[in-house]
Each structure stands twice: as C-alpha cells, then as structure tokens.
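Below: one structure, written as structure tokens.
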Amino acid sequence: MSVELDVFVGNTTIMDEEVYQLWLDGYTVIDAVKVRREGGVLDECEANADVVLSDTMDQYRTFQMCERLLHSPPKLANQLLFQITPHRQTILIERYYAFDDAFVREVLGKKLSKGTKKDLDDISAKTTVTLKSCRRQFDNFKRVFKVVEELKGPLVENIRHHFLLSDKLAKDYAAIVFFANNRFETGKRKLQYLTFQDFAICAGQLINNWTVGAVGPDSFVDNMVEDMDVDLDKEFLQELKELKILITDKDLLDQHKSLVCTALRGKTKAFNEMEANFKNLSRGLVNIAAKLTNTKDVRDFFIDLVEKFIEPCRSDRWTAADMKLYLTHYTNSVHILDTFKHQVVWDRYMGVIKSCIFKMYHD
Amino acid sequence: MPGKLKAKIVAGRHLPVMDRASDLTDAFVEVKFGNTTFKTDVYPKSLNPQWNSEWFKFEVDDEDLQDEPLQITVLDHDTYSANDAIGKVYIDIDPLLCTEAASIISGWFPIYDTIHGIRGEINVLVKVELFNDLNRFRQSSCGVKFFCTTSIPRGYRAATVHGFLEELVVNEDPEYQWIDRIRTPRASNEARQRLISLMSGELQRKIGLKVLEMGGNAVVGYLQCFDLEGESGLVVRAIGTACSLEKLSSGSILNTHTHPNTAPASNACNSPSKDGKEPVFGEDLPSSSGPPTPFRALPTSSSPPPPFSPSKPCSRQSSSSDTDLSLTPKTEESVRRRPGIFLCPSSPILSADTLSLPGSGSVGCGLGSVPRATTPHPPSFTYSDSALLRKSVSFTEDLLLAASGMGSGGSAGKEAGPLKTLLRQQTQTALEQREFPFFTLTSFPPAFLLHVGGVVNARSVKLLDRIHNPDEPETRDAWWEEIRQEIKSHAKALGCHAVVGYSESTSICEEVCILSASGTAAILNPRYMREGCLDIGSTDHRFEEPSPPTCGFCHIPYDELNMPFPAQLTYCYHCRRQKVPDVLFTTIDLPAEAAVTGKGCLIQARLCRLKKKAQGEVNATAISNLLPFMEYELHTQLMNKLKLRSMNALFGLRIQISVGENMLLGLASATGVYLTALPAPGGIQIAGKTPGDPSNEQHLLTIQKRINEATAKNKELYQINPPELTEEGVGSPIPEPRQRSRLFRSHSESSDEISELDLSHGKKDAFVLEIDDTDAVEDIHSLLTDANPPRGFYSCNTETMPGIYNWTSGIQMFTSVRILRLNNTNLTNQGLNKIFTDLCENLLKSFYFKLRSMIPCCLCHLNFTVAVPEEELIQVAVTAVAMTFDKDQTQEKLAEKLIPKGGSDTDEQLQFPMELCADSSTINSQPSSKISGVPESTNISSRAASVDYGSFADRCSTWLELLRLKAHTIRRGSVKTSRRTQSLAHSVSSLEHSSPLPDGRSRSLRSSRSFGGSTVTVVKMTPLSFLPGTRIIKYLGIINMFFIRETTSLREEGGVSGFLHSFIAEVFAMVRAHVAALGGNAVVSYSMQDCVLMENPNKNQAQCLINVSGDAVICVRESDQDSLASTTTIGHSCSSTTDVTT
C-alpha cells in the first residue's frame, strides 16, 4: 500500500514560513520533516509523521511552482495562478532573495559565470550552506546582475523596482552587483577578516561617490546613463593622478605632515607612531589613488587599503578613535595647503577612503 | 433570434517564448463564435503584445449564444511553417444574456493549453446586445437565471417553487471516435472540451425552456454532471428546481404589495410567460370546501395567452432526452383548469392556437435551420408517443394510490384538525400532479418544510450498451425515470408527498454503471406550491392552518401504526404533543430554526467490499447483490457512530457507492447533531455471544468501558448536555407496537388510539452491539478509532455548523485529492476497510494540520468523493471550506441570538446557550453530573438491553428483508432501499427564526484581510451559499467549466502529484479570472463535480478531467449600517410571509 498521489490546493495559497525557510535552505523533504519533527510540530493539532510528510511535500511542490514567478517578482503580483496576499508575496520575495553572508563572502567580486558556478560545491562544503541553497543564491546574484546591467538609472532603485526588494536588501544586491562588475578582490587571506556587511558599506560609498551617477543629476541632462552606478567615473580616476603631487612634492609633503602633527599632538597615545609613519601612510593612500586608472589596481583596491594602511596602523596598535582622528586631520589639513589645487578631487577621494577604512578597521 | 455579440482583444501578457532564436513571440489572436472567425493583427516580437483590436461583431441566434462559448485562440505567427497555438480561452456568454447578471465581460483570462497548462494571459472585452425575442416558439431561454446554490439565493424571494427539472444530452465521446487515432492529443482534448461546453450550453438552454414553460424565471440548485461512459458515449445531465424568484430590495418589497403584478414582472427577465402568471388568482382557493386540487380560477380574459411549449422542433435537439412533460400535470382536470401552464406539449393542436402571435412568425420553429457543425449526427426528433401514454397511465395510478393512502394524515396528532388534513391533502394532490415532486434544494425559506420523513435512496445497476446510439437518449432517460419513480414511491411509503435535498449520481466502471438517487422525504407547505399566492399578503389569510407550535417541525409524517420501518416513537421533547422518531436521517441542511443542543460533527461510515472480477451481466449481478449489504453496513456504522457521539440526527447525508473492477467502495458522510426535540440516544451496549467464557467477558468489559468513556468524552466535546426531562413530562414513550399491522395505509384514525403501551423499554433504547465474530470486533475497533477533530476545530458537511453562529470573515476553500495504491493483492474486506478508513482519517488530520493557523475554525461542507480509478487504486477527493469563528464572542452573540428565541421556547432553550458558551473549563465540571443524571448512558440494565436487542435485531432483519425484496436483477432491476429516518421539525417559523441564516454569522468583521495593492482582483471561493461577514449584492451568473489537462512529461512535472497540483491550481485560477472578468469578487456554492485522473507512469503520461461549477457573485463587506439594512430587508420579507401565515 502506498500513496500514489497526494495534493492539497487552497484557493488562497497556504504557505508555512518555517517550511519555506527549510526549502530555501535546500533541505530535502525528508530532512525538512526531520527538522520539523524535532521542532515539535507533532504536538500541534495531533499531527502524526504522515501528516507532516504530506504537508511538507505539498508545500515544497507549491514553492517549486512559485519559483518561476519569484525569478521576476513583479509577475508574482500580476499572475493569476496563485492567490497570495500582498503581505505574503513580500515575504516570499524577500526571503527568496535573502542570502547567507558566509556564501556571499565567497563569491563577492568573482565573475558571476559558469566557472564560478562549478565551484559552488566547494563553496557549499566550505560554508556548510547546502549546494541547493548556494545555487539559488548564486542564480539570484546572476539574475539581478543581468537585469540591472542593461538598465539605465540608479542601481539601487532599479533593483528595488525590478525585484521588489526592501531597501536594505536592494542595497546589498547593489553592492554584490558592483563588486561583481568591478571584480574587486575580496578572497585574499588578508581580507578574510572582513564581513560582507563591511564590503557592502564600502560598496555603497563607492557607488555614491565614485561612479558616473554619483556626480549628481545636474551633470547629466536626463540622469539616465547606462551603468551609471556600476562603473567608476573614468574622468575622476584620471584626476586622481593629480593627487600624486602630495607625495612627490617634498615641500607639500612636509607641510602636510606638520599640519597634521600639530593638530594631533597631545590628542592621542599613538602620536609618535603617527608622526613616524606619516610619510609611509600618506604615500600608501595617494599611490592607491594614482593607480586606480588601472583595472588591475581597481581590483586590488581593498587589498591595497589593508596592506598599505590598515596593517601598519594595526601593528602600531592604533585604536579606532585614533584612526578617526588621524584621517580627519589628514584629510582636512590638505585644505590649508595653498599650493594644492585639487581640493575637490581630494575630498571626493578621501571621503570614501575614510568611510571605508573606518568600516574596515577592526579585528 | 438575434443578438449581437461583440468582442475586443486588448492585450496579452506573460506570453511564453515561442521563438527560441529571439526569445520572443509574434502573437496574434483568432476569435471564433459558431462558424465565424476573426483575426487580430500579428503583434511582432513581444511577450506582452498590445493588440487593441477593433470590436469583432458576431450576429447570431440567441440559441447559439446559449449553447456556444466564445473561443479565443492565441497563436504564434510563423512565416514559413504552420502557426503554433499558444493556447485558448473559452468564454461562456450566458451571464451576459440575463439582464440582471453581468453586463460586460472584461478582464485578464489565463491562456490555457491542454498540454502545457496556463501560458500567459489575455485581456478581452465581451458585450452582448440582445433583442427581445417575443416569439413563443423559440428554442432559446435567455434570461432564465441559474443558481448552483441549493437554497433561495440571498437577496431573492421565492414567489413560487415550481418543482423538479431534469434533462440529459448524449453524444459520442470524441476521445473514442476513429479520428482520435490520427489527431494529436491536443486536438482531441480540445474537441472534447468544446463538445462538452456545447453540450452543457445546450442542456442549460433546454432546462431554461422548461422553466419558462412552467412559468418560472430561475433554476435553483442546478447540478450538472458528466458521465464518461467510454465507448458508449458521453452523457451530460442536469437537475434543478424551477422557481419564480423576486429580487428583494427595500423598494421592491413595498412594490410587491401594491403592484403584485409588476414587481415580479420587472424582475422576470425576458420570460415570455411572466405575464401569464397572475398571482391574484390564488385567492379563489377556498380553504375548507374547495376541490382537492389547488387549482386556480380561469382568468382568461385578462391574462395574455398562456406560454405554450412549442411542439418540439427538431433542429436543436440532436440528442436530448425528451422528458419535457415531467413537470406538467397530466390529469384531464388540470388541463381544463390551468391555462397558465402548458400541459401537453405532445399535442401540436394546442400550441397551434398561439402561432399567430406577432413576432413569432419569423422563427417558424426554427426547424432544421441551424446547422451544427460540431455534432456529427444529424439531429432527429425523438419523442415517443407510446412512452408518454405509458407514463400518464402509471401516473394516474400513482395518483389514485396517493389519494387513497395519504388521507389519514399520519400521526398528525390530536390537534391537527380536519383543516390541516385537508390542507395536506390539497398539497399532496398538487404535488402529485407533478411527475416528480422533487426539489434539489437543501435549505428552504422559513415555513416551507413542514415535516421530514427520512432519507429515501434508490440505486440501480445498469450495463452500458456498447451499441449505443447517441440519437436515442431514451435509454438513459428511462433509467433515471425508473429510479425517480422508485424514490417517489419510497417517499410515499414514508407518508410524504415530496422529496427535498434530492440529488443523483453515477459510478461507472467499464461497462457497469451504478445510478443512484437520494433525497429526503418531506411534507411541504402548500403555499409555495401554488403559483402566485405568495405575492399578495392578503390572499392567504384565509388559507391558513392552525398556528404551528414552535417545536412541531419534524413530527412524523407517516402513520404511527403502519410505520414504514420499525422505529421508536416518543412525544416530542419540545412541544410534547406530537410524535417524533428516536433518530432522524436527512439529506438536507439543518433548518435555521431547528433547536439544537450542543455542536455537531462530521460522521462518516466507510466500507470496502471485494468482489470478483467479472464481465457483463455476471458482474452487474454480483454488484447488485452486494449493494444491499453495503447499504446496510453503512447504515449500521452511521448509527453506531451517531450513538457514540450521543447525537440523534444526521443532516446532509450523502451515501456514495463507487464501483471498481474488483471492489466496491462505500462512503457515507453526514453531520450529526443533537436535536433538542428528539429523545436522547441511549448508549451502546456490548453483548457477547458466549457468556460463559470469563476471558471473553473481561474483554467485553474493557470494550464496554472504552465505549462508555468515548461517549462521555464526546458529550463533553460537543457540549451535549440536553435538559433532563422527567418521564411524565415527556409523556409516555410509545413503544414500537409488538405486532405491526401491515394494513396498507389504512384510513383509520389510529394515531390517537395507542394500542399497546409498553413502558418497560421506553427511551432506554440502548443500542446493542453483539460481538460474535472477528468482524464485529473489527467494527467496534473502527468505531473507536475515529478521531475527533483536534482542539479548536469543528467539522461538518453541511453549510454551517450547528451551534456556531459568530463566523468571522477568514475563509479558506481547498481541494485535496489522495490516491492510494494497494500493492497487496491478498487483502481481505477487513484489511481494505482499515486502509480506506485510515485514508479518510488521515486526510482529515492533514486538513486540521494545514489549517491550524486558522484556529478556532470549522471545516464546513466537507465533501468527500471516492472513486476506484484503476484496479488497485482508491481515490478520495475532498472540497471544503475552513471558516474562522470568534470564540470569545460566543456568549454575547448567543445571548443576542437567543433573546428573541426565548420568547417561544422553554427553559431548555435557555439552557442551550449556556452550554454553547461554556468553554472547556466549565464543561469539565458538567459531565459527571450528566452521567449520573442520565443513567442509561452508562449503566444499562440488562433487562433494557435485552429488550432492545430484540428490537434491534428486528429492525435489522426487516431492513434486510426490505432490501432483499427490493433488490432486482440487473437491467430492469434497481436496488433500492428505504432509509430509516425520522423527522422533526421545528414548527414553522416565528418571525425571529425566519432569517435564513443564523444572525450571528454576519456580525463579526474582525480579521478580514485587505488585499490592497495587487492588480489582480481577489476572488474568494466557497462551497457554501454565503460568505461570512459579507453580503451578496448581485449574482452574476453561473460558472460551469470543464477542463482537460494532459502531459507527456509526467516526471518533469513532478509526477502525478505535481501534475494534478498544478492543474487544480490552474482550474482555480481560471474560475477566479472568469469571475473577476464578470465583475465579481467571489464564487459561492462552488463544487468540483468531477476529477478523473488517468495515468500511465511507464509512458510518462497522465490525463485529468475536471469539472467545476458555482455562482459568481459580487459581495460587499457588511458594515454595521449594511447589516442593519439587510436585517430590515429580511424583516420585511418575513413580515410579508408571516402576514400570509397568521
């Protein structure tokens, strides 16, 4: 005796959020049933194992049928097949597009290609995220990437509009797309201590300040330039070369150093180290800026930040407050340098660098 | 005659990619109606085409409008090869043909393909301009309203309930035509879908014509079914109840009083017969000395020519059964006296008189004028005069029989005066005039139902004819006729003149077909039978029976001394004046005014019987021989389970027997309740065959203990704490007479002279189960294994749950299908029973579990359908609705509800609310006292037990005997069974009771979800006739859809479960889309009549057919103000009816 067929279809589609999560997490039906039973679901409504199994299979089927729609979320609101309350729809979409930080950390900045997809089983083994879930997340990244790639207008807005995601999630996806597009290196050992959220915030900074779209609507007649938020502003990168004068001009460098040291003196315990390292650190930051026209160096942006700036500071045991103090004065002192003509570029550059370093300066 | 159908194709969306190269589609649309086809332009390279076409106009007969669907085909243009079909949409135009229903169809429809399912959506506009057709000989019946709802639709009032309608249409099944061997599965499926759509259109039109002939304007309780007879053909049949409905609105009620003729007329759509109904004439009816028939005086001068039924022209009749006469009176007397109804369609002379009407000439009966492209067989006229003759002869006999047999008025009791008897006679005769005094309604206007006799049931096993000729549907028709006659005679045997809650069904396996019909024998209030009487309040003043006692609602209608079956009668526990049976079984819903103690619950009897595989007559004989035993066992199970729950009545009883190659499945579902008017059921007593054996005794004791515990627990669970009555208060129980005199319906006034009084066993009718073999042990185990619903859940198969009134607006309709494969070939009957029982129980458990977030909630209208699709498979399909209710407000609501009630009811009524509102903690304290107070439930004296055992055995044997007598051989034979039953009826309504619904239902508006923001209209669906918390403001027409889905990639679609899951979801989606396009937001009385699944996993194939129906409606949230208004409305209507009564 065996159950040949077993279906349950409600006029309003019934979805159990717990089962949905298990499905998203890539559990098989059998494993999901096990988890549910351990979770005490049998105590509810005098259920037995068969009932839970049947329910789980039904729900899994429903989710599978919905999955096609979830690939383009606006369809979910217009489709006729499932009657789902808007509130539920939002939950379904948000959860479907949610991702594991552990997983995203592995693929961040990688090319979203078939090659990467082949490595998913390694990533799955490493992160203990199931392969099925890894695939879903990877495909989500890729799908979002493909859709916004061809769109004009602001990145976050586009993602939110085309995938009906929450603000937070849309920003995260923007970061993922931005990283994937610029292929930032994030996998090196030295960068392992950084979380996805660290990178996401940095990406947000870069998008808001260094891209074509960042310059603001007034610069463009229609504000609708392709990839405006995805590609860094080439003109700006060129201009960054001008900053080199801060380290190549000996006077300027000394002047800068003395201004910063004056301001810092007595305000921090790490003053001596700051003074001793000033030229090294300044060279590091300005060199990063000067090299950004080179795609390869763009990719190494974060690793460079860590190697050239964060690590030296960390070895000198700067506190986060020290860091803040130092960078603030380091940035502001330049304004007083009369001979330095690139204040605007400097501010645009240092604004982002400051935020990134603040975010990245932790253990 | 003419109508202009206009369609406009606006846009498409979410189309599938048809061109792999571009990932796009070049879509265009063909719009087809009848033989005319229009095309839109090709909209290149888009998945969201905007055609925005012109209006395509079709000029067509209204007959075609009724029969044909508008067919919209979306195709992908291909320059080099044939265009690929994307999918189709069939739109039923019918709702546009009725002025009161929808006026435009506009919306997004899923584009459906029988192989791929839904593939995108298309936005369509459809309108109809209908020219009024005054021709009386037309074949169309535009304007007749159809309702699936088995009660008078909300917002309407039944001026007259005309009676039973039936029709069937037969055709060859395209699937079995030779051409099917060479065409694609898609073409074959579409041919089938289209044919069935045409057939049901035709069927509906014909039913509509009958309604018009009868002078009605609506069909209520319309039920259409398909019989897939395989090679012998395809039968589409329908039954319904013809009514004259009037729309209720605050204005029209007044109108009804002042302008009795115009008010109904304005609502009567295009019925040419509307003027023929002259309500006034009812007043000529004398109440005391009139003729035995409530005929009407002849108003010939003032009334327009009667609506004649034309002598049936042949053209559109390709294969209809011709039973057009069934509803018309056939006695000569009535021919003379009742000009308003056409009596004799077979005589062309009569109808010829009216041929000269203006406007009628152009049609000239439409003989042969309409070609039917799709019907391969030329239409032919198939009426048989000799059959008619035979029919009317037998009818006359029936009439005589009735006249002689019914006069005594049964046990009508002391105060039922001669007036009442006369009245009853009149009603009976009026009803007898109809060939089948059947009603498909399951709930009735207040005061309609006087007495309920019990369930009547008839089955017949037939062999499907292989050399079946589709042009002669008489065979099928004669089969049904036979069964209906049987039902009618059963009803008569119960002293009843009518059958309510009537339904018909079939089960087919290969060439064997079981036809079943069942209903509830009843006595109806004659007022509703007479045309027009209800229109005028004043008319009926003189025509009144003594004010009915508040409780007198289901006293036995049959003669006490000549009871059709053994039963114990007692005086009614409510009025204490008239007799009631100990148990009542019915197929109807619990009347709103019925007094119930506690809550009800779903009770199911399940049974499997193995049979040998056989062919032809041998097989049919084997099945007929098994049927009576199955019915008997199902009945016993029901009775035991009822007792175990301490209940005394079943409502909504539906017994289904399904035939497979090697087994028969029986499933009986009903809602058990404790009717306050009926005696408390005794407990169940276990008796052993071999008293000497100590170990056995011990075993028996254990079982008895378990049963007693279960009974006590059930009482608590369902809050059954009936008021305790002293013996003298109740009046002497009337024992079953020792010797039943088998006088056939004597005229004796026997009811008053109770011959033998045997007080010894009175109401202590403990039910004895004898354990004499393993079967019995199994039975008892199965009795005890039925789990009660978990806390917070209730379940029933009726419209609403007795005892729950405060529904909130949360609802969830669902369909669930489960198929079990029996791999073990050596199963015994017991083993099968267990498997089947577990299957049903597990299904219920699954529902509870899935719907647990809705607690507290009640599963209503749980409709189980069983089938044996293949040799080793058992299929159970369930459609039901879960509705939330407000637990906290119980007390308040009940108080409100019962205040008006209290006026008429005694203190037992007052106790009733207390019990209901008691939550578990209070209940807990009660059972102990109850149990001690009602000793018979726990400690049954051996004396009582033995006495009752005798009566039980007696009952069984007579029952079996009855069955045996009635079991005929196949072909001619039908197996029929008269059901034991009973009756109880709160007497006809007081004003407070007359609201068709429990008032509390509509009150609470808590937790209604808002669906704002979505572009898709939310469409609620329910198998019930109402939506809690809302008011139906408009009925938009009937939804009747048939779909086929096939796949050749079963595994890829997730196996059979995945396949069926998506198909059911698609069917829901299409129903919702059609309702939304009509402007509606809900479907009520939704049902899935058929779900036939065939699979062949080895070939990776499956096919499924689903047929669904329901009423599309617009409903609005019931704000306080609205509900006030509606209450007023109901109040108005009640007062108008009550005027009539008092």
Side-chain angles (χ1 to χ4, degrees), chain A residues 1-19 29 36 41-69 71-72 74-90 164, chain B residues 13-14 108-110 118 121 787 790-793 811-824 835 842 845-853 855 873 875 1009 1011-1016 1018-1022 1054-1058 1060-1062 1064-1066 1068-1070 1072-1073 1093 1095:
Chain A
M1 188 192 68
S2 58
V3 175
E4 180 91 0
L5 175 152
D6 179 16
V7 297
F8 178 101
V9 190
N11 182 38
T12 305
T13 307
I14 294 183
M15 294 176 172
D16 183 309
E17 288 180 25
E18 185 199 348
V19 184
V29 172
R36 296 184 80 187
V41 80
L42 288 184
D43 303 334
E44 296 177 50
C45 273
E46 300 163 24
N48 59 34
D50 288 345
V51 165
V52 178
L53 176 66
S54 146
D55 179 59
T56 311
M57 297 219 283
D58 255 329
Q59 305 244 10
Y60 266 53
R61 250 195 325 265
T62 309
F63 300 140
Q64 270 152 24
M65 286 191 267
C66 278
E67 192 165 15
R68 188 177 51 85
L69 298 164
H71 290 168
S72 49
K75 269 193 190 168
L76 196 62
N78 285 322
Q79 54 85 33
L80 303 176
L81 191 55
F82 299 103
Q83 190 158 272
I84 305 171
T85 61
H87 169 68
R88 262 282 134 88
Q89 289 179 13
T90 314
L164 307 177
Chain B
R13 68 183 181 194
H14 308 157
W108 289 99
F109 291 89
I118 291 177
E121 289 126 34
R791 213 172 154 67
F793 272 109
I811 72 161
Q812 170 67 279
M813 189 280 292
F814 61 87
T815 290
S816 181
V817 182
R818 209 171 268 197
I819 297 181
L820 217 58
R821 182 176 288 280
L822 312 164
N823 296 321
N824 186 350
I835 288 171
N842 280 332
K845 277 185 193 154
S846 278
F847 301 158
Y848 298 138
F849 180 73
K850 280 186 186 289
L851 300 163
R852 63 194 186 284
S853 63
I855 285 178
L873 300 182
Q875 172 183 328
R1009 284 166 292 192
F1011 288 88
S1014 169
T1015 57
V1016 179
V1018 172
V1019 176
K1020 293 190 171 192
M1021 291 165 73
T1022 176
V1056 266
S1057 293
L1060 189 62
H1061 192 136
S1062 50
I1064 294 176
E1066 283 167 351
F1068 284 0
M1070 288 185 277
R1072 288 192 302 255
L1093 180 75
E1095 50 159 337

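Within every chain, numbering begins at 1; the chains are lettered A, B, ... in the order of the sequence lines, protein sequences first and strands thereafter.
- Note on ring orientation: taking the six-membered ring where Trp is involved, the planes of A:Phe8 and B:Phe847 are tilted (angle from 30° to 60°).
- Here B:Arg1072 contributes atom CZ and A:Gln83 contributes atom CD; the two are 4.5 Å apart, rounded to the nearest 0.5 Å.
- Surrounding NE2 of A:His71 are more than 12 heavy atoms belonging to other residues, nucleotides or ligands, all under 6.0 Å away.
- What you find for A:Met65 and B:Ser1062 is that their closest heavy atoms are SD-CB, 3.4 Å.
- Remark: B:Leu1060 CG to A:Asp6 CG distance equals 10.5 Å, nearest 0.5 Å.
- In this structure, chain A has heavy atoms under 4.5 Å from both the backbone and the side chain of B:Ala1065.
- The shortest heavy-atom contact between B:Val1016 and A:Ala77 is CG2-O, 3.3 Å.
- A distance of 10.0 Å separates NZ in B:Lys1020 from CG in A:Asn11, rounded to the nearest 0.5 Å.
- The line from CD1 of A:Ile14 to OG of B:Ser853 is 7.0 Å long, rounded to the nearest 0.5 Å.
- Taking each heavy atom of A:Ser54 and B:Arg818 in turn, the nearest pair found is OG-NH2, 3.2 Å.
- Interface remark: A:Asn48 contributes side-chain atoms only to the contact with chain B (heavy atom separation under 4.5 Å).
- Contact detail for A:Leu81 and B:Ala1069: the closest heavy-atom pair is CA-CB, 3.8 Å.
- Using a 4.5 Å cut-off between heavy atoms, B:Glu1095 touches chain A through its side chain atoms alone.
- Looking at B:Phe849, the atoms closer than 4.5 Å to chain A (heavy atoms on both sides) sit in the backbone and in the side chain alike.
- Within the model, atoms CG of A:Leu5 and CG of B:Leu873 stand 9.5 Å from one another, a figure rounded to the nearest 0.5 Å.
- Ranked by non-hydrogen atom pairs under 4.5 Å with chain B, the options A:Asp50, A:Val41, A:Asp58 are led by A:Asp58.
- Between the side chain of A:Thr12 and the backbone N or O of B:Gln812, no donor-acceptor pair lies under 3.5 Å.
- Heavy atoms closer than 4.5 Å to chain A are found in the side chain of B:Ile118, but not in its backbone.
- With values rounded to the nearest 0.5 angstrom, B:Arg852 atom CZ is found 5.5 Å from A:Asp16 atom CG.
- Nearest heavy atom pair, residue B:Phe109 against residue A:Leu80, reads C-CD1, 4.4 Å.
- For the set B:His14, B:Glu1066, B:Lys845, the entry with the most heavy-atom pairs within less than 4.5 Å of chain A is B:His14.
- The two atoms that bring B:Glu121 and A:Asn78 nearest to each other are OE1-O, 3.7 Å, heavy atoms only.
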* Verdict with supporting geometry, B:Leu820 and A:Val3, side-chain contact (heavy atoms from CB on, under 4.5 Å) -> CA-CA 5 Å; B:Leu820 217 58; A:Val3 175; 3.7 Å; yes

* In sequence, state the C-alpha distance, the side-chain angles, and the governing distance for A:Met57 and B:Ser1057, and then conclude on side-chain contact (heavy atoms from CB on, under 4.5 Å). => CA-CA 10 Å; A:Met57 297 219 283; B:Ser1057 293; over 6 Å; no

